[in-house]
Amino acid sequence: MPAAPQVPPSTTMSTKQAYLNTASNVVNPLVGNPALYSAMEVLSNLSDVGKTIPLIAPVFILLKIIIDIERKVEDVDAKCTDLLERITFMLSHLPMLKDIDIMPATRQVIERMTGVLKEAAALISAYRKQSFLARRLSISNRERFTFSVEAVNSCCQNLLMSLQIHQSKQLEILTRAVPLDEYDQAAVKFVDEHGGDFEAVKYDRELVKEFAVQQHLDIPDEAVMEQLGENVADVVKEVEGRIETVIKENIGQNVGTAIVDGLKSFAALLNATENEQRLGCVQCEQKFTRSTNGPKACSFHRAELNSGVPKTYPCCDMKLPCQYGYHREKHHCDYPYGPFFARFEMLQSKDIVDKWASIQDTDLEVGRKVKSEVQKASVGQLLRWVTGGARLEEPTILISVGQVTFQSKYYFQTFTVPELENIAKSVRYSRRTLIFRNSPNDDQYSMAEWLLAVSGKITGVRITAKAVTSSTPFVRVVPIDLSTGQKSGEILAISEGGLRSYIPASPYILPETVRVGPEISDKPIRDTRTDFKSCSSPSLRVILRNMADPPLDKVSRDSFRGSICVFNDNAAGSSNQVIIARAKASYRFIGDSEYQRVSAVWLDERALLPVTINARQLFTFTFGVTVPRTEEEQKTGVLCALHRPLRLKIILEDIEGEECSLVLEYVHKPWRFDEPYASDIAILWMAEPIVQMERRTIRVSKARNTDTLLDIDNTDVTVMQLQRVVYHAIKTGKTEIHFSRKEFNSGEWQWTAWALVDISCQRVYAFKILLEEGKLKERKQFACLGYVLCPEYGDVIQETRPISYATESITIPPLEPYTLPAYPTDDTLDDFKPPPRALNGSSGASLLADTTKHQAELPHRLTEPLDNTLERIAMALEQSSLDNNIARIAVALEQLVGMLGQLQAESRRWQR
Ligand SMILES: [Zn+2]
Ligand SMILES: [Zn+2]
């Protein structure tokens, strides 16, 4: 066994430490390491001796190799320095050979010395090729140094003896123990703590990583694990072979030149045979070689470039990489780097991973809009690396722990069967079954562990996930056959986390929907009348006729379009042309006694006035009119002619100022009410009778995709949202919980939904939805309050519990009363029928004159009693409640009908 570790006396520990603590500072090894300086002095003395004594030449070359290696490395190492000091001490005696005859015994010692130096150079070379971390954890290194030191020591004593140098006392340099620096000691302790065998750390990357983190060293990369897996003896042997070649090639030519050329780097020669592989870095996606890799060689971002505009890196919002480190040749989960996430996403698809077990627990406390804190873990088989790619021949298991984002801690690692076997070797010694845990906090964490048989064999993986709001974690055990890398049995559900509901013992009975507002219809109040007759001055023989169906088309809230034709009714062959010079229009609503000017009239561009129409010819005008609005109407945006049909009188004037006219009617045609769809769970509406005469409707529908449970007016409702609501209810005791809200037209109307929670069954059983007028409405008059049953959702505990209803406080807010006024739907003001034209010109003219007189009187005579009747209806409506009025309205209407009949009879008489 090697001697107990002790701090080396002569090496510059403090300098070394300074170096390690500030790893970025480049330290000149000559300054930081006096041992190297002394060795170079001895080397220069030896070059003189070597020129005259060829026997010394290999010794010279070997010392040069060692110096070259040590000059090239970045850190001073206690064991290397110790060995170098001993060698330097031994070789410092060789210049004496110049002055004496070399005896066979001395020659023998020097030959032996060459062998010892060769082994030492190979050891230093092999040792130095290992990374700082691997050198420490490969605890057998110390034994190799001890052997080498012992060989140098005995060779040195033989040399001193043969040179007849007598030491009065034991030289400290030859008797001291091989030093161990603090990292070596820490490594020994660490391995001891984990089963005491190097095997324990040899294959377990997580364990090696733990040591690195503990010692503030770089996170181990693949190379470190390879180095730990290597057999150092093989590497030393290989280097020895190369050193021999270097010596032979150099000595073989000329000893003198070899020594003169000794200034060139033998170490470079040693490495020259290695044709260094160029590797691709997974972090920065650049090429690199292991020899050029260093702690600042690679620059990258922690996160992926996001797809937004402008494109940024969410880790730092900077263009230049925010992270520095070693290049890495294989994907890893040691720390986040951009390209990892795209690869992770790609490896999520079903044809890539067959998930044997997957658990997830969500923190129900976090607000709905904040990204939720999810604990998760899964174990599965990796089937292929790319979608559609070839299936992996080697069984590969994939273990994933934690939420994979650049801000969280996660684990995502594959294991082939040989890798599983290796890790099993380590776990057998270390008994460290933890694969990964993302937090030490017992309230919320995700974890994966190896399951071991008594023999120490891995038999499966256990995954655990617990959110802070769950009382118990989700735990699953996945049995795995180590020899095949396959699942070897059923997944065991050890524990269930999350929030689960119970089976309600009876169905929920919900209150009826309550609606405040009038019943309205989506049918027009009656058909549009088209029986109005063309009317013209006696001297203007034209006939006007409506050409559109319906006669007027509403093109905006207050504009209408129509089309009429003008027929020149003069006898065929007559030279009486009609020249239309002007078009006017006036309007009134049913019940109004007078026509008023419209605010605008325009004609189709083809009808540029004046228009000349020959006898028996016609001309079609397409026109538009705008009906003036009151300020109040403009403010509310009420549709024109919403309640009372509109009458529009189009008046055409000929060149002499004679007029002809035609009345057209517009009856409001409401939008069709929304019909329920097959996908609807419920449809709720409230009436809006004042501005548009419509139903304001929302639908509660079945889910549109698998991630949601249902949607309320196109707003998704997820199981997670409901669980949050239930959690909140259990915590606060409040069972009527505000769920969502939507406002329309900046506050014209809105709906609000509350989730009603059954505390006993731990579930949302219904949504309560209130439709009401919004902030834009000063007087609130209409509303609807409805209930919608919530479908079954989520994980259910197979246990029945009595139902418990929510304690409700929300009701329809106080509303002002509203009664839909009874508007007149028709009147007779425009029911004039012109007399048939006389065949005889003179009698026709007199009849026409008579008619005109009659026509002038008629409206006045008729409208008087009609107006009175309408007034009475209006008064009756205003006086008291609708119910009381119905009888009175009926009487008034009866009178109205009677009068209309009278009117009709009179009109008929008049026609005759
Ligand atoms: Zn960044
Ligand atoms: Zn890189």
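Order of listing sets the numbers, starting from 1, for every ligand and every atom in it. Remember, predicted model here, so these are calculated numbers, not experimental data.
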(request) Give a rough value, rounded to 10 degrees, for the angle at the Zn ion (ligand 2) between atoms ND1 of His327 and SG of Cys281. (result)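 Value returned, to the nearest 10°, is 110°.
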(request) Using the Zn ion (ligand 2) as the apex, give the angle to atoms SG (Cys298) and SG (Cys284), rounded to 10 degrees. (result)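 My answer is 110°, to the nearest 10°.
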(message) Would you say NZ of Lys209 has more than 12 non-hydrogen atoms from neighbouring residues, nucleotides or ligands within 6.0 angstrom?
(response)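 For Lys209, atom NZ is crowded (more than 12 foreign heavy atoms under 6.0 Å).
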(request) Give a rough value, rounded to 10 degrees, for the angle at the Zn ion (ligand 1) between atoms SG of Cys322 and SG of Cys315. (result)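 An angle of 110° at the metal.
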(request) Quick one: report the N, O or S atom of His301 that is nearest to the Zn ion (ligand 1). (result)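 Per the distance ranking, His301 contributes ND1 as its closest N/O/S atom to the Zn ion (ligand 1).
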(request) Could you label the plane-to-plane angle of the Tyr410 and Phe341 rings as parallel, tilted or perpendicular, counting under 30° as parallel and over 60° as perpendicular? (result)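 It falls in the perpendicular class, over 60°.
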(request) Measure the acute angle between the ring planes of Phe340 and Phe412, then classify it against the limits of 30° and 60° as parallel, tilted or perpendicular. (result)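 Ring orientation, 0 to 90° scale: perpendicular.
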(request) Could you tell me whether a side-chain N or O of Asp443 sits under 3.5 Å from a main-chain N or O of Val468, the two making a donor and an acceptor? (result)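 It does not hold such a pair.
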